[in-house]
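Structure, as structure tokens:
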Amino acid sequence: MKEIYIKIQAFLRKHDHLYTMFFAFFFIGMVYLIMLNQDGNQLAFSHLMYIPIVITGGILGGWYGLAIGIIAGLVAGPLMPWDLSTGEPQRAIDWIFRMSMMGVVGFLSGLLGRGYQQAISKINQIEAYDQNTRLHNLNYLRTLKMPYKISYTVASVEINNCELICDVLGIEAYVSYINRIANNLEKSLPYCVVVTPIFHQLWILVQQKDLESEIQIVMDAIHQATIIDGNPIFVDYSVGFATKRHLPGIDLSSHFMHADIAAKEAKKNFLTHMTYKDIKANMQFEFELLSDFSKSLHNGDIYMVYQPKVNLRTRQANGLEALIRWEHPTKRMIAPDQFIPAVEQTAMINDMTETVFRWVLEYQTRLKAKGLSVPISINISTKNLYNQQFYKQMVSIFNEFQINPNQVELEITETVLMENPDLCKKMLDEFSSFGFKIAVDDFGKGYSSLAYLAQFPINTIKIDRFFTKQILINPTTQTIVKATIDLAKNLGYEVLIEGIEDVETANLLDKLGCHSAQGYLFMKPKKEEEITEYLRKIYK
Ligand code: C2E
Ligand code: CA
Ligand code: CA
């Protein structure tokens with residue numbers, strides 16, 4: 001039905017000349033008959049001719065107005081006698097003057113009409129199009145009427161490096177890029193609407209048939225548009241998809257909120273696209289985890305495992321790292337990387353770190369009772385450092401135990417130190433003065449330098465396992481690691497390397513002068529009983 005309506009509309013638009021002229025001739029004919037009926041040209045009925053003249057000129061422009069004016073002048077002129085009963089013709093000067101006036105009026109109304117049409121189309125253009133991108137704007141979307149109660153696929157495309165493209169290739173190149181996307185989409189998806197709510201963003205609305213294929217088409221359209229004259233340009237984009245049912249009274253632009261969220265999430269996760277459904281599933285998973293977390297922290301589902309730190313020369317354990325584990329009753333084993341980022345978004349992270357600290361100190365007390373004095377490190381979250389009370393609470397827990405503070409090491413990631421150096425320095429100075437050791441975790445991931453780290457009271461540098469994986473195959477990595485070890489040692493730091501899984505790497509790092517290491521080669525993180533057994537054998 002809708003297709004027939006669109007076809008009729010297109011036909012009318014294409015043939016507007018035909019039916020305007022038809023109307024003009026019909027009207028002129030009618031006036032002619034009226035004049036015949038009213039005693040020829042003696043009454044003023046000829047003035048009715050101005051109606052079709054003005055309308056035709058107004059719609060079709062000056063030349064059509066002039067032509068219809070002349071035709072009307074002839075019909076009301078030589079074709080219409082002065083006196084019907086006698087057949088006496090009009091004076092030539094009369095009808096020629098009238099015809100000229102009609103021609104002039106037709107021509108002028110044509111000029112005015114065209115001016116008016118141009119002004120209207122300019123206003124429409126400004127109202128419905130973005131003047132920079134030449135694509136439809138938000139205004140257009142808000143006034144658009146789309147069928148109700150059917151589903152739409154909506155996509156939000158964020159061009160993350162828009163500024164760079166404009167700087168390097170010029171604004172025109174960027175505009176033509178997003179116009180190419182719109183053209184590609186319009187070719188592959190009939191009735192799709194593309195708007196630019198803001199310069200670096202595109203919104204796409206498609207009547208939904210099959211979400212998967214629509215995602216594919218949109219992603220292809222964006223990708224294909226990156227090729228200019230056979231050469232690809234680098235475009236960093238993230239796309240969010242959502243599905244929406246359009247209901248009366250709802251602004252179409254509000255449908256894009258979830259697609260925007262999905263695009264932002266895709267960017268955060270370094271993905272080209274994400275659907276809101278996936279995010280919602282993740283959010284639900286996280287929500288369920290957070291609901292269960294506090295209970296699990298105190299009922300034994302969450303517990304600690306320990307991984308030995310090994311002296312590379314003697315291959316003997318010289319400490320442990322405490323790592324958290326969560327054996328969820330229904331979701332099985334949940335990795336720390338899965339739940340810690342969610343817990344970090346809540347105040348529960350303080351409870352978690354303090355509980356972990358207490359468990360570690362309890363374990364150290366049990367080890368001490370067995371004659372085993374072993375330093376243990378615990379991981380501190382970024383969010384802990386933002387808690388003003390953190391230092392006080394940790395010290396108050398520590399004071400419940402009889403452990404030497406130098407047996408406690410706090411691991412802080414390098415990125416935290418870069419994000420908020422002032423706050424970190426203040427807190428770490430306090431911990432260090434109290435006697436705790438401080439280690440920089442995941443060193444090398446954050447691109448800071450050892451010179452930068454010199455402002456913090458650091459004892460150990462833990463080189464990230466990213467380097468360990470590469471060191472045997474990549475000579476550059478070997479050079480970097482060697483330089484880092486040398487410099488760190490010269491600055492008086494203890495150097496530990498993470499993630500050693502084979503003897504060759506362990507031997508190489510020993511040769512490079514690295515003090516200690518952690519990794520599956522020596523031992524995977526294990527529960528307390530196994531670790532105690534392991535330590536007992538070593539220190540026997
Ligand atoms: P991390 O602090 O860098 O811990 C080292 C991670 O590497 C651990 O993963 C450990 O199991 C793993 N690992 C050790 N040796 C090897 C190896 O040879 N090969 C490989 N592929 N991996 C190895 P895990 O236990 O899954 O912990 C992941 C991250 O979660 C930790 O990274 C740490 O950032 C965080 N985390 C763990 N426990 C805690 C905790 O109690 N508190 C806080 N705030 N974060 C924790
Ligand atoms: Ca760590
Ligand atoms: Ca690490």
Side-chain angles (χ1 to χ4, degrees), residues 289 293 296-297 301-310 312 317 319-327 332-363 375-387 390 394 397 408-417 437-446 448 458-472 484 494-506 509 514 516-528 530-531:
L289 286 186
F293 184 76
S296 290
L297 190 62
D301 288 346
I302 292 179
Y303 57 90
M304 300 313 288
V305 291
Y306 299 88
Q307 187 179 36
K309 299 179 177 186
V310 171
L312 269 176
L320 302 173
E321 177 177 5
L323 295 159
I324 200 163
R325 292 291 176 266
W326 187 358
E327 229 168 279
R332 310 241 183 97
M333 207 67 196
I334 308 167
D337 293 334
Q338 266 182 299
F339 68 86
I340 291 176
V343 175
E344 277 178 332
Q345 304 305 313
T346 73
M348 287 189 286
I349 189 66
N350 295 316
D351 189 18
M352 185 188 112
T353 306
E354 284 159 26
T355 308
V356 164
F357 191 37
R358 189 179 289 280
W359 286 341
V360 167
L361 291 167
E362 284 168 359
Y363 180 40
I376 304 186
S377 61
I378 68 163
N379 290 283
I380 303 296
S381 149
T382 325
K383 297 291 152 60
N384 293 139
L385 299 176
Y386 292 114
N387 172 9
F390 185 60
M394 292 287 279
I397 295 170
V408 171
E409 188 173 52
L410 307 181
E411 295 193 5
I412 321 277
T413 57
E414 181 196 7
T415 27
V416 179
L417 300 178
K437 297 264 173 60
I438 311 287
V440 177
D441 207 354
D442 304 343
F443 182 76
K445 246 181 169 177
S448 73
I458 291 163
N459 305 88
T460 308
I461 299 286
K462 293 184 79 176
I463 300 175
D464 192 70
R465 70 167 183 270
F466 164 81
F467 297 96
T468 321
K469 275 191 285 179
Q470 304 251 329
I471 202 158
L472 286 183
T484 307
E494 181 79 18
V495 188
L496 181 146
I497 189 132
E498 303 182 306
I500 303 258
E501 294 184 2
D502 55 82
V503 183
E504 290 78 18
T505 313
L509 280 150
C514 187
S516 41
Q518 247 176 289
Y520 294 166
L521 170 69
F522 310 110
M523 200 177 208
K524 284 194 170 178
K526 297 279 182 206
K527 285 191 182 171
E528 183 178 322
E530 250 180 276
I531 289 289

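In each ligand, atom 1 is the first atom listed, and ligand 1 is the first ligand listed. FYI, side chains are in, hydrogens and waters are out, and symmetry mates aren't considered; it's all heavy atoms of this structure.
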TODO: Give, for atom CG of Leu410 and atom CG of Asn384, the distance between the pair rounded to the nearest 0.5 Å.
DONE: 10.0 Å
Open item on the list: Would Gln518 count as a polar contact of ligand 1, with the cut-off being nitrogen or oxygen pairs under 3.5 Å?
Closed with: no
Task: Selected option - heavy-atom contact closest to atom 6 (C) of ligand 1, from Glu501, Gln338, Arg465 - done: Arg465
Open item on the list: With respect to Ile324, determine whether any N or O atom, backbone or side chain, lies less than 3.5 Å from an N or O atom of ligand 1.
Closed with: yes
Task: Protein heavy-atom partner closest to atom 35 (C) of ligand 1 - residue, atom, separation in Å - done: Ile340 CD1, 4.0 Å
Open item on the list: My understanding is that only residues two or more places apart in sequence, or in another chain, count here; which of them pass salt bridge (Lys or Arg N to Asp or Glu O under 4.0 Å) with Glu528?
Closed with: Arg366
TODO: Tell me, please: is Lys524 in heavy-atom contact with ligand 1, that is, under 4.0 Å?
DONE: no
- [ ] For the residue pair Trp326 and Phe339, categorise the inter-ring angle as parallel (less than 30°), tilted (30 to 60°) or perpendicular (more than 60°).
- [x] perpendicular
TODO: Would you indicate whether the side-chain heavy atoms of Val416 and Ile380 approach each other to under 4.5 Å?
DONE: no
TODO: Quick one: look up the protein heavy atom nearest atom 27 (O) of ligand 1 and list residue, atom name and how far away it is.
DONE: Pro336 CG, 3.6 Å
Open item on the list: Looking at Phe466, I'd like to know if the NZ or CZ of Lys445 sits under 6.0 Å from its six-membered ring centre while staying within 45 degrees of the ring's axis.
Closed with: no
Task: Atoms in ligand 1 flagged as close to Pro525, the criterion being non-hydrogen separation under 4.0 Å - done: 11 (O)
Task: Heavy atom of protein inside 4.0 Å of atom 9 (O) of ligand 1, strictly below - done: no
TODO: Could you tell me whether Asp441 approaches ligand 1 through its side chain, its backbone, both or neither, with non-hydrogen atoms closer than 4.0 Å?
DONE: side chain
Open item on the list: Side chains of Asn379 and Glu321 only: does a donor on one sit below 3.5 Å from an acceptor on the other?
Closed with: yes
Open item on the list: Need the atom name: nearest N/O/S atom of Glu321 to the Ca ion (ligand 2).
Closed with: OE2
Task: Asp442 and ligand 1 - part of the residue with a heavy-atom distance under 4.0 Å - done: side chain
- [ ] Do me a favour and list the nearest non-hydrogen protein atom to atom 28 (C) of ligand 1 with residue, atom name and distance?
- [x] Asp337 OD1, 3.5 Å
Open item on the list: Looking at Gly519, is its backbone amide N or carbonyl O close enough to the side chain of Glu501 to form a donor-acceptor pair, meaning the two atoms are under 3.5 Å apart?
Closed with: no
Open item on the list: Using a 4.0 Å cutoff against the non-hydrogen atoms of Glu498, which atoms of ligand 1 qualify?
Closed with: 3 (O)
- [ ] Sequence neighbours left out, what passes salt bridge (Lys or Arg N to Asp or Glu O under 4.0 Å) with Arg325? Give chain and number order.
- [x] none
TODO: I would like to know whether Lys309 and Glu494 meet salt bridge (Lys or Arg N to Asp or Glu O under 4.0 Å); could you show each step before the answer?
DONE: CA-CA 12 Å; Lys309 299 179 177 186; Glu494 181 79 18; over 6 Å; no
Task: Shortest protein contact, atom 22 (N) of ligand 1 (heavy atom only) - done: Tyr520 OH, 3.3 Å
Open item on the list: Checking a contact table here: which protein heavy atom is nearest atom 44 (N) of ligand 1, and how many Å away?
Closed with: Asn379 O, 3.4 Å
Task: Closest non-hydrogen atom pair, Leu320 against Pro308 - done: CD2-CA, 3.8 Å
- [ ] Could you tell me the separation between the CG atom of Asn350 and the CD atom of Glu344, rounded to the nearest 0.5 Å?
- [x] 10.5 Å
Open item on the list: Among Met352, Glu321, Gln307, which one puts a heavy atom closest to atom 42 (N) of ligand 1?
Closed with: Met352
TODO: Say whether Arg325 and ligand 1 are in contact under the criterion: heavy-atom distance to a ligand atom below 4.0 Å.
DONE: yes
Task: Gly499 to ligand 1, any heavy atom closer than 4.0 Å - done: yes
Open item on the list: Taking only non-hydrogen atoms of Lys462, do any sit less than 4.0 angstrom from ligand 1?
Closed with: no
Open item on the list: Tell me the closest heavy-atom pair linking Tyr306 and Tyr363, and the distance in Å.
Closed with: CZ-CD2, 3.5 Å
Open item on the list: The criterion is salt bridge (Lys or Arg N to Asp or Glu O under 4.0 Å); which residues satisfy it with Glu498, sequence neighbours excluded?
Closed with: Lys462
Open item on the list: Under 3.0 Å from the Ca ion (ligand 2), is there any N, O or S atom belonging to Ser377?
Closed with: no
Task: Number of protein N/O/S atoms that sit closer than 3.0 Å to the Ca ion (ligand 3) - done: 4
Open item on the list: Looking at atom 4 (O) of ligand 1, tell me if a protein heavy atom falls under 4.0 Å from it.
Closed with: yes
TODO: Could you tell me whether Ile349 approaches ligand 1 through its side chain, its backbone, both or neither, with non-hydrogen atoms closer than 4.0 Å?
DONE: neither
Open item on the list: Looking at atom 32 (O) of ligand 1, tell me if a protein heavy atom falls under 4.0 Å from it.
Closed with: no
TODO: Compute both the distance and the angle, then confirm whether Lys383 meets the cation-pi test with Tyr386: under 6.0 Å from the six-membered ring centre, within 45 degrees of the axis.
DONE: no
Task: atom 37 (C) of ligand 1: nearest protein contact (heavy atom, Å) - done: Leu323 CD2, 3.7 Å
